[in-house]
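Here the structure is laid out as structure tokens; the discussion comes afterwards.
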Amino acid sequence: MTKTDPETAATSRPTSRRAPAGAAVLREDVTVAIRGAVFEELAAVGFARMSIEGIARRAGVGKTAVYRRWKSKLAMVLDLVSVFAEQGLPVPHTGSLYGDIRALLAVASMALRHPIASQVIPDLLVESVRHPEIADAIKAALLDGQQGVAVVVVREAVERGELPAGADPDRALDLIVGPLYWRLVVVKGGLPKGYLDDLAKSAVAALKATA
């Protein structure tokens, strides 16, 4: 038997309000299911072997439902990265540079343990050599948002007199997130007790020494 497209089935029923002729009615629950399937397929087989057929099968929909939303698997992956990045890093306001950095490290350590960060992003970085759009999307979705947080943290530290004027937010971001990314995503090591506290102290000391 041919699998029924959930959206086609839904829109074929009589309703009191009819959509304009030719308009596609995109159900949000179907979109969520497909996004979940994209993530599962990426984690299971990687971008190169990922297929629209495999995604549709995992989501329990027809290929048409997938193509209504995204024209290609690249478009699907870029959308997935953007949705993940929208969660972002919250801007901390603890009242001290150490407190802000420690809070950022706590959130970043959880985010970097997420399968999208630990499995999918490294795979996409490899693919970005062949698909520059992926590199651009990762930068726009992940780096740009984090840079905005670093700008606020450094600005408030300058206003409190903890850092001199002209302190570099990009350097701050490197010092805060760089070591954590290396340990959790590249080395895939654990975090010993007190590691985030020590890392926050080191980042504060480095920023003050190099500002």
Side-chain angles (χ1 to χ4, degrees), residues 1-13 19 22-90 106-147 149 177-178 180-191:
M1 293 181 62
T2 303
K3 182 177 295 183
T4 301
D5 186 329
E7 291 178 311
T8 302
T11 55
S12 64
R13 302 188 190 99
V25 180
L26 302 182
R27 288 173 44 185
E28 182 61 23
D29 60 325
V30 174
T31 302
V32 171
I34 296 172
R35 282 199 181 111
V38 173
F39 165 69
E40 291 174 2
E41 191 79 352
L42 269 173
V45 303
F47 179 82
R49 296 175 57 196
M50 187 178 76
S51 67
I52 300 295
E53 291 79 4
I55 291 165
R57 185 167 54 250
R58 285 181 184 272
V61 300
K63 288 192 295 182
T64 302
V66 179
Y67 281 117
R68 284 194 190 110
R69 291 161 173 82
W70 304 281
K71 61 182 180 180
S72 66
K73 69 177 186 179
L74 176 58
M76 286 190 294
V77 169
L78 298 183
D79 173 71
L80 184 68
V81 172
S82 297
V83 170
F84 174 70
E86 284 175 1
Q87 303 171 22
L89 289 177
V107 175
S109 67
M110 290 187 290
L112 289 174
R113 289 187 180 100
H114 191 286
I116 287 184
S118 62
Q119 296 174 246
V120 174
I121 295 298
D123 179 57
L124 294 181
L125 288 174
V126 173
E127 292 295 330
S128 67
V129 176
R130 291 182 289 273
H131 300 280
E133 306 97 319
I134 294 179
D136 293 340
I138 291 175
K139 179 182 182 298
L142 303 180
L143 179 59
D144 292 353
Q146 293 177 0
Q147 283 178 325
V149 174
V177 181
L180 197 60
Y181 184 89
W182 173 264
R183 186 177 188 93
L184 291 178
V185 179
V186 179
V187 179
K188 298 187 182 300
L191 299 181

Does some side-chain heavy atom of Leu180 sit less than 4.5 Å from a side-chain heavy atom of Leu191? yes
Heavy atoms of Ala56 and Val66 approach each other most closely as CB-CG2, 4.1 Å
Rounded at 0.5 Å granularity, tell me how far CD in Glu28 sits from CZ in Arg35. 6.5 Å
Before you tell me yes or no, could you show the steps for Leu78 and Asp136 under side-chain contact (heavy atoms from CB on, under 4.5 Å), namely the whole-Å CA-CA distance, both residues' side-chain angles and the distance that decides it to 0.1 Å? CA-CA 9 Å; Leu78 298 183; Asp136 293 340; over 6 Å; no
Residue pair Ala65 / Val30: nearest heavy atoms and the distance that separates them: CB-CG1, 4.5 Å
Set out, in order, the CA-CA distance, both residues' side-chain angles and the distance that settles side-chain contact (heavy atoms from CB on, under 4.5 Å) for Met50 and Val77, then state yes or no. CA-CA 10 Å; Met50 187 178 76; Val77 169; 3.5 Å; yes
Would one find more than 12 heavy atoms of other residues, nucleotides or ligands at under 6.0 Å from atom NZ of Lys71? no
Assess whether side-chain contact (heavy atoms from CB on, under 4.5 Å) is satisfied between Leu42 and Leu80, documenting all intermediate values. CA-CA 10 Å; Leu42 269 173; Leu80 184 68; 3.9 Å; yes
Quick one, Leu74 with Glu127, criterion side-chain contact (heavy atoms from CB on, under 4.5 Å). Give me CA distance, side-chain angles, the key distance, then yes/no. CA-CA 10 Å; Leu74 176 58; Glu127 292 295 330; over 6 Å; no
Please report the shortest heavy-atom distance between Ala48 and Lys73, naming the atom on each side. O-NZ, 3.2 Å
To the nearest 0.5 angstrom, please state how far the CZ atom of Arg68 sits from the CG atom of Leu26. 7.5 Å
Please name all residues satisfying side chain to side chain donor-acceptor pair (under 3.5 Å) with Arg58, sequence neighbours left out, ordered by chain then number. Glu41
Within this structure, what is the CZ-OG1 distance for the pair Arg69 and Thr64, rounded to the nearest 0.5 Å? 11.0 Å
Indicate the atoms forming the closest heavy-atom contact of Ala106 with Ser109, along with that distance. O-OG, 2.8 Å
Side-chain contact test, heavy atoms from C-beta onward, threshold under 4.5 Å: evaluate it for Arg183 versus Leu112 and give yes or no. no
For Gly189 and Leu184, which heavy atoms make the closest approach, and how far apart are they? O-CD2, 3.5 Å
